[in-house]
Amino acid sequence: MPEASVQARPAAKLGRAVIFLGPPGAGKGTQAKQVAQEYAVPHISTGDMFREHVSRGTPLGLRAKAIMERGELVPDDLVLSMVEERISRADCADGFILDGFPRTLPQAQRLDELLERCKVQPLVVHFVVDSKQLIRRLTGRRTCGICGKIYNIYDHPPKVAGRCDLDGGELVQRPDDREDVIAERLAAYERQTRPLVDYYRERGVLRDVDGMASPEAVTKNVLGLLAQKK
Ligand code: AP5
Ligand code: MG
């Protein structure tokens, strides 16, 4: 009798541009890491890209640093050229997760043009979290300096204080997670990014997700949305 073979399930294809939209602290980065891993697609965080430029001291990083430390948005032209270059790479061919982009109407309009040109559908996941919870999450956030895993000293602390559970890396606080800067980041969201909720809702491509649930429950809900028929 032939040995029973275990049929490997082919990996699901994402095949679209998934936009994670929500205020600072809504859980975009936490969820993007999980979902990108699940679908084996790039996780494109414009905030992480700027932070990398800042740490390398590139000309773009030097321009972005002071703006980010004030909690304001980096000018659209700088963001757009960085994103256009990134999504034109071959690893984005089967879809990608955009975390923290677009954040202004001109960014959203330009992204539409790019996606239409390559016939890629957008799906916008809008994380809904109340403002009291956002402040608690941002003031308590710590990130591993080695692998980027995100913790929260109040709600899901590491096993050993100040050290990553996965690789023992030092956990660091972002310079823009000070309370005065958080207030400006939340104000910038209301002023410049919140209008995108209506922009995408009117086009029928936006889905709300309860971002107040546990990280695991949020991941389950997001994966459920992505598995729905396009
Ligand atoms: P960016 O890095 O994108 O920051 P942000 O949008 O302010 O969002 P955060 O990264 O703070 O929050 P998040 O939603 O990712 O939450 P996280 O998962 O970490 O941008 C930084 C700056 O770069 C901007 O201010 C701007 O200057 C510039 N920039 C970036 N993109 C730009 C653009 N497109 N245009 C112009 N400028 C741009 O979670 C937060 C905390 O909550 C963590 O501690 C986490 O552990 C915890 N948490 C997460 N989920 C849960 C949950 N379900 N329950 C309990 N706790 C949770
Ligand atoms: Mg983030």
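Sequence positions, counted from 1, serve as the residue numbers for this chain. Whatever order the structure lists ligands and atoms in, that order sets their numbers, starting from 1.
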J.: From atom 55 (C) of ligand 1, work out which of M68, R137, Q192 has a heavy atom at the shortest distance.
T.: R137
J.: Using every non-hydrogen atom in the two residues, find where I153 and R142 come nearest and quote the distance to one decimal.
T.: CD1-NH2, 3.5 Å
J.: What is the nearest protein non-hydrogen atom to atom 18 (O) of ligand 1, stated with its residue, atom name and distance?
T.: T30 OG1, 2.6 Å
J.: Give the atom numbers and elements of ligand 1 that come within less than 4.0 Å of a heavy atom of E72.
T.: 25 (O), 26 (C), 27 (O)
J.: Please say whether G27 places an N or O atom under 3.5 Å from an N or O atom belonging to ligand 1.
T.: yes
J.: Provide the closest heavy-atom pair for Y39 versus A227 in the form atom of the first, atom of the second, distance.
T.: OH-N, 4.1 Å
J.: Hey, looking at atom 24 (C) of ligand 1, which of E69, R185, R103, M82 has the closest heavy atom?
T.: R103
J.: With heavy atoms under 4.0 Å as the rule, classify the contact between A64 and ligand 1 as side chain, backbone, both or neither.
T.: neither
J.: Which ligand 1 atoms, with their elements, are less than 4.0 angstrom from a heavy-atom of L138?
T.: 11 (O)
J.: Evaluate A26 for polar contact with ligand 1, using N/O atom pairs at a separation under 3.5 Å.
T.: yes
J.: Could you list the atoms of ligand 1 found under 4.0 angstrom from a heavy atom of P24?
T.: 5 (P), 7 (O), 8 (O), 12 (O)
J.: What atoms of ligand 1 come within less than 4.0 Å of a heavy atom belonging to S214?
T.: 53 (N)
J.: Between I19 and P102, which heavy-atom pair has the shortest distance, and what is it?
T.: CG2-CD, 3.7 Å
J.: Quick check on E85: does its CD atom have over 12 non-hydrogen neighbours (other residues, nucleotides or ligands) under 6.0 Å away?
T.: yes
J.: Starting from atom 53 (N) of ligand 1, find the nearest protein heavy-atom neighbour and note its residue, name and distance.
T.: A213 O, 2.8 Å
J.: When you measure from the side chain of Q107 to the backbone N and O of R103, does any donor-acceptor pair fall under 3.5 Å?
T.: yes
J.: Among all protein heavy atoms, pick the one closest to atom 12 (O) of ligand 1 and tell me residue, atom and distance.
T.: G25 N, 2.9 Å
J.: Who's the nearest protein heavy-atom neighbour of atom 35 (N) of ligand 1, and how far?
T.: Q107 NE2, 3.0 Å
J.: Which atoms from ligand 1 have a heavy atom of G100 less than 4.0 Å away?
T.: 31 (N), 32 (C), 33 (C), 34 (N)
J.: Taking D176's backbone N and O only, do any of them form a donor-acceptor pair with E69's side chain (distance below 3.5 Å, no angle check)?
T.: no
J.: Atom 31 (N) of ligand 1: which protein heavy atom is closest, and how many Å away?
T.: T46 OG1, 2.7 Å
J.: What is the minimum heavy-atom distance between D210 and V218, and which atoms define it?
T.: O-CG2, 3.6 Å
J.: Heavy-atom contacts with Y151 under 4.0 Å: which atoms of ligand 1 show up? List them by number with element.
T.: 43 (C), 44 (O), 46 (O)
J.: From the options R70, R141, H156, select the one whose nearest heavy atom is closest to atom 47 (C) of ligand 1.
T.: H156
J.: Any idea which of R174, K28, E184 brings a heavy atom closest to atom 10 (O) of ligand 1?
T.: R174
J.: Considering non-hydrogen atoms only, spot the tightest contact between L225 and R16 and give its length.
T.: O-NH2, 4.1 Å
J.: Distance from D76 atom CG to Q192 atom CD, nearest 0.5 Å?
T.: 8.0 Å
J.: Atom 36 (C) of ligand 1: which of V181, V74, D99, D48 has the nearest heavy atom?
T.: V74
J.: Classify the side-chain pair E179/T139 by whether it contains a donor and acceptor separated by less than 3.5 Å.
T.: no
J.: Heavy-atom contacts with G211 under 4.0 Å: which atoms of ligand 1 show up? List them by number with element.
T.: 53 (N)
J.: Under the 3.5 angstrom rule, does the side chain of K28 hit a backbone N or O of P23 as a donor-acceptor pair?
T.: yes
J.: Grab the two heavy atoms, one from L134 and one from P24, that are nearest each other, plus how far apart they are.
T.: CD2-O, 3.3 Å
J.: With heavy atoms of R51 as the reference, note each atom of ligand 1 found under 4.0 Å away.
T.: 2 (O), 21 (C)
J.: Any nitrogen or oxygen of G29, main chain or side chain, under 3.5 Å from a nitrogen or oxygen of ligand 1?
T.: yes
